[in-house]
Amino acid sequence: MTLDAVLSRIDEDLPQATDRLIQLLKIQSISTDPAYKAECDRAADWLVEDLRSLGVDAGKRATPGHPMVVGHHGGEGRHLMFYGHYDVQPVDPLNLWDRDPFDPQIEDTPNGKVIRGRGASDDKGQLMTFVEACRAWKAVHGTLPGHLTFFFEGEEESGSPSLVPFLKENADELRADVALICDTGLFGDDTPAIVTMLRGLLGEELTITGPSKDLHSGLYGGPSINPVRVLSRIIAGLHDDTGRITVPGFYDGVPELPGQLRSQWDNLNFDHSAFLGGVGLSTPAGEQDRTPLEMLWSRPTCEVNGIWGGYQGDGFKTVLPAQAHAKISFRLVGTQDPHEIRKNFRKMVEDQLPPDCSVEWKAHGASPASQMSIENPAFDLARHALSPEWPKPAAYIGGGGSIPIAGYFKSILDTDSMLIGFAKADDQIHSPNEKYDLSSFHRGIRSWARVLDALTR
Ligand code: BES
Ligand code: ZN
């Protein structure tokens, strides 16, 4: 059977596939930091070359931000698009890494071999699982499976500012029957997952200003308002005692979990003590009347991602700072409208400002939650195709993170997305010492070969 030949080819070629991934991981494609612009470009070039080596008609496409990579391969049957992102998160705090984040290596760990480096899991390693499956397919069949479009983005980790205009301008070229996205995780080490819903994300940055300059806290403390105190009080009021978010209208569009989905999730037997225990926690801290899986997958949140102001250096300084800053994000579900929430949040903050204080805003990304169309026949085909590869059958799960493109594929291209990924909960994505298990990479490649076989028959 030719699928077996493709799988054997994947097994034989794993060392070379790993070397290729290591090359890509050496490119410092941090999208959010303008200092790495040339590196983002270099990652795009690398991918264009790699796709061309597979016979794909690929090119780098300029945007006002980092380039997109688009490649086409003509063929019969279902038109499949594959999406991944080549950009990575910043590496700070660098001192917590055990190795140079851009000098990736295979490491032996008590849980097996891992590829360690920034982007190993999110998303270069995952992106390459699909490309490597295609490479093995080509080695066996002499051509790629069916009608394929490759679409790689370089701005996913910084809110995808160029994505919507690019999709609109190139809709006819990119529209497909199904978009395959490899940017999510396994449900458990033995259980592959197809993510059926993802949360949206809204980002806000604010600066509260009080006095016109930093002041001596002995000379001015008392009569002068302190913006750090004002900001802390506002932030402390964003949740009530039960964990509910207090922004007016925030819960508009938040649906109750349908009973059928609740029982399906109950059947997953998610071990929330192990989940929290893995990061040194024991008690779910979200809305108190919800289960941990609900908190993660089907409930919205408000998080303070950063807060700063005043003296941060060694020692002590009796200062009364002129400004206080925070970065705040909201994960969104259902039909919550990010723009409406931005408006209501800003008004809520402005209404609480005491005399002499003002606020300045910087808007970050705003994307709604997305719901996949699991009635698309590709879902069932993929679920069955994954079975022989993994000890346990594939689970339909929710996803707490955000991949704005999944929703835009539907709303702009009318293309359904199917999210299958092989990251593990302990991959430390966005954190120091990010890694991708060699077993995730290997089985991920094999999984795509099986899914491609099932979808292109
Ligand atoms: N790959 C993640 C999202 C993810 C991880 C979804 C695990 C489901 C399970 C993605 O690269 C990511 O981190 N996205 C950002 C969004 C962005 C707009 C910065 C996120 O979710 O914070
Ligand atoms: Zn990602």
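The first residue of the sequence shown is numbered 1, and numbering continues consecutively from there. All ligand and atom numbering here is 1-based and tracks the order in the structure.
- A parallel orientation is assigned to the rings of Phe166 and Phe151, their planes being inclined by less than 30° (bins at 30° and 60°).
- Counting heavy atoms closer than 4.0 Å to ligand 1, residue Asp122 contributes side-chain atoms (C-beta onward) but none from N, CA, C or O.
- Ion pairing between a basic and an acidic side chain is recognised when a charged N comes within 4.0 Å of a carboxylate O; Glu303 and Arg331 show no such pairing.
- Contacts between Asp123 and ligand 1 below 4.0 angstrom, taking non-hydrogen atoms only, are absent altogether.
- Among protein heavy atoms, atom 19 (C) of ligand 1 sits closest to Glu157 O, 3.8 Å.
- Residue pairs that meet the salt bridge (charged side-chain N to carboxylate O under 4.0 Å, His left out) test with at least one member in residues 30-40, sequence neighbours left out, are Glu39-Arg42.
- The shortest contact between atom 4 (C) of ligand 1 and any protein heavy atom is with Asp183 O, 3.6 Å.
- By the criterion of a heavy-atom distance under 4.0 Å, the side chain of His85, and not its backbone, is placed next to ligand 1.
- In this structure, NE2 of His85 and OD1 of Asp122 enclose an angle of 100° at the Zn ion (ligand 2), rounded to 10°.
- At least one N/O-N/O distance between Ser402 and ligand 1 falls below 3.5 Å.
- Checked against the 6.0 Å centroid threshold, Phe82 and Phe150 do not count as a close aromatic pair.
- In terms of protein heavy-atom proximity, atom 18 (C) of ligand 1 is nearest to Leu201 CD2, 3.7 Å.
- Without hydrogens or angle criteria, Asp87 side chain to Glu157 main chain gives a donor-acceptor distance under 3.5 Å.
- Among the backbone and side-chain atoms of Asp183, an N, O or S atom lies under 2.8 Å from the Zn ion (ligand 2).
- Considering backbone and side-chain N/O atoms, Thr184 never comes within less than 3.5 Å of an N/O atom of ligand 1.
- When non-hydrogen atoms are compared, ligand 1 lies under 4.0 Å from the side chain of Arg331 (C-beta onward) but not from its backbone.
- Of the possible polar contacts, none joining the Glu132 side chain to the Ile10 backbone as a donor-acceptor pair under 3.5 Å is found.
- One finds a salt bridge joining Lys435 and Asp437 here, because a Lys/Arg side-chain nitrogen approaches an Asp/Glu carboxylate oxygen to under 4.0 Å.
- Residue Gln89 does not touch ligand 1, judged by heavy-atom distances below 4.0 Å.
- With respect to Glu204, the salt bridge (charged side-chain N to carboxylate O under 4.0 Å, His left out) criterion is satisfied by exactly one of Arg342, Lys343, Lys362: Arg342.
- With a cut-off of 2.8 Å, the Zn ion (ligand 2) has no N, O or S atom of Glu157 in range.
- Scanning all protein heavy atoms for the shortest distance to atom 11 (O) of ligand 1 gives Glu156 OE1, 2.8 Å.
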Stepwise side-chain contact (heavy atoms from CB on, under 4.5 Å) check, Ile245 with Glu287: CA-CA 9 Å; Ile245 292 139; Glu287 293 165 286; 6.0 Å; no
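- The aromatic rings of His325 and Trp308 lie parallel to each other, with less than 30° between the two planes, well short of the 60° mark.
- Contact atoms of ligand 1 toward Gly401: 6 (C), 21 (O) (distance under 4.0 Å to a heavy atom of the residue).
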